[in-house]
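Here the structure is laid out as structure tokens; the discussion comes afterwards.
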2 protein chains.
Amino acid sequence: MDIKMEEIENALGYKFKDKNLLKLALTHKSATHSNKNCYERLEFLGDAALELVVSKYLFVNFPDLSEGELTNIRSAVVCSQTLSDVAEKLSIKNHIIFGKREKMEKFNENKFILADVVEAIFGAIFIESGFDKLEKIIVNLLKPYIQKAISGKLFYDYKTKLQEIMQREGQKEIAYKDYEIIEKKYFKSELFVDDKKVSEGYGSSKKEAQQDAAYKFLLKMGEQEE
Amino acid sequence: MDIKMEEIENALGYKFKDKNLLKLALTHKSATHSNKNCYERLEFLGDAALELVVSKYLFVNFPDLSEGELTNIRSAVVCSQTLSDVAEKLSIKNHIIFGKREKMEKFNENKFILADVVEAIFGAIFIESGFDKLEKIIVNLLKPYIQKAISGKLFYDYKTKLQEIMQREGQKEIAYKDYEIIEKKYFKSELFVDDKKVSEGYGSSKKEAQQDAAYKFLLKMGEQEE
């Protein structure tokens with residue numbers, strides 16, 4: 001086996017029975033001629049598995065949080081920033097298999113791709129060893145992020161904050177106009193207050209892009225520190 | 001035990017060890033003074049569990065589908081329409097515990113609430129008996145919907161269809177402006193083509209509202225039959 005893959009396994013605390021599955025989770029689509037031979041399908045699965053693990057952890061450990069609070073904290077935990085931090089811990093960077101051109105363009109530094117690969121690895125563990133095994137691994141990796149989110153250091157729901165401020169100012173209408181930038185795999189969201197565009201944000205999901213747009217407008221209004 | 005609850009258990013093929021958990025899954029917030037004594041937290045959990053079960057089923061059974069196809073089919077399967085159909089099968093209607101006012105207003109007929117309760121029941125089974133048990137129950141209930149989605153009878157991705165048509169017509173810009181109608185618990189999405197509003201749609205998620213808006217505009221253009 002590739003020595004690099006062993007490094008990832010050691011950091012995960014998990015040995016893959018099928019090493020090709022880990023290799024698939026590390027393969028960017030630029031390295032293959034088919035969507036099926038890259039990490040994307042595993043990422044689809046791992047993303048859903050990660051959501052459920054974090055949902056269960058929050059549900060069980062925080063019986064006093066409402067559905068809305070649970071949802072907000074889960075979004076704060078399951079985001080590209082957390083996952084690219086995890087990618088760092090797992091030494092994934094530099095081990096992703098790219099096509100030549102992309103390698104030169106330093107896709108390796110792209111935190112969205114790092115986050116996708118982490119999800120794909122979770123998907124691979126889930127399909128190979130089931131939910132309970134994956135749960136242990138994810139809880140172990142993400143516990144510090146969940147605790148930060150709960151204690152409010154990581155978590156900030158800018159959309160809610162903005163809504164509260166706008167309501168104080170007399171029911172201004174807020175709307176988000178979302179764009180999916182498919183080529184580059186990110187989302188852009190424009191924030192409108194009373195039909196006037198006031199800011200725009202970016203992220204790896206619509207939710208993140210909207211939070212970013214709300215954050216930027218809060219900054220502009222002086223309601224938020226950087 | 002309440003005879004009504006037994007009816008639901010028989011339809012599910014699952015006996016709750018803790019009958020209070022099923023009761024919680026059936027309790028609308030109008031019947032309680034606290035968000036924690038209604039189905040909402042269980043719905044949060046069940047929603048994520050349902051996504052993972054369907055994701056795994058599609059991943060395992062359709063190795064030739066791309067991530068994008070898997071995502072589209074999953075959205076077609078996991079929607080209020082499917083879940084309110086399932087609610088019908090499980091005889092959930094009329095067994096939901098409402099506050100008096102809401103009962104009179106026939107919330108019982110609201111398909112979004114029916115869908116939420118089904119998710120809450122899934123959440124309750126997951127927390128009581130784990131992923132593998134829930135998986136069997138959901139696959140059993142949803143298999144016909146997944147098969148319909150795959151064979152294209154249920155599934156129609158209007159957003160993609162619209163995008164393809166607009167591209168044929170020379171790169172018109174499409175944007176969705178989303179509103180969350182919190183009070184009534186649904187989403188509204190306005191569809192803009194080259195900055196001109198052309199339609200609006202409604203649904204229980206942003207995704208559904210955007211699909212509905214795209215569908216309505218396709219109808220208008222005569223590109224889609226009702």
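The structure presented is a predicted model; accordingly, all values stated were derived computationally and were not measured. The chains referred to below are lettered A, B, ... by the order of the sequence lines, with proteins before strands, and numbering in each begins at 1.
- Contacts of A:Lys56 with chain B are made by both backbone and side-chain atoms, with heavy-atom separations under 4.5 Å.
- Other residues, nucleotides and ligands contribute more than 12 heavy atoms inside 6.0 Å of the NZ atom of A:Lys216.
- Here A:Tyr57 pairs with nothing under the ring pair (Phe, Tyr, Trp, His ring centres under 6.0 Å) rule; sequence neighbours left out.
- Of residues 127-143 of chain A, those residues with a non-hydrogen atom less than 4.5 Å from any non-hydrogen atom of chain B are, in numerical order, A:Ile127, A:Phe131.
- Atom NZ of A:Lys23 has 12 or fewer heavy atoms from other residues, nucleotides or ligands within 6.0 Å.
- Within the model, atoms CD of B:Glu67 and CG of A:Asp47 stand 8.5 Å from one another, a figure rounded to the nearest 0.5 Å.
- Annotation for B:Lys36 and A:Ser66: closest pair CE-N, 4.5 Å, computed over non-hydrogen atoms.
- Highest contact tally toward chain A, considering only B:Leu42, B:Val54, B:Val53, is held by B:Leu42 [criterion: heavy-atom pairs under 4.5 Å].
- Legend: residues meeting salt bridge (Lys or Arg N to Asp or Glu O under 4.0 Å) with A:Lys197, ordered by chain and number and at least two apart, are A:Glu190, A:Glu200.
- When the ring pair (Phe, Tyr, Trp, His ring centres under 6.0 Å) test is applied to B:Phe192, no partner is found at least two apart in sequence or on another chain.
- Counting heavy atoms from C-beta on, the side chains of B:Arg41 and A:Pro63 come closer than 4.5 Å.
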Working note: A:Gln210 + B:Lys206, criterion side-chain contact (heavy atoms from CB on, under 4.5 Å); need CA distance, chi angles, decisive distance, verdict. CA-CA 13 Å; A:Gln210 292 184 355; B:Lys206 218 172 284 173; 3.3 Å; yes
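- The distance from the CG atom of A:Leu52 to the CZ atom of B:Phe126 is 4.0 Å, given to the nearest 0.5 Å.
- The CG atom of A:Leu45 sits 5.5 Å away from atom CZ of B:Phe59, with the distance rounded to the nearest 0.5 Å.
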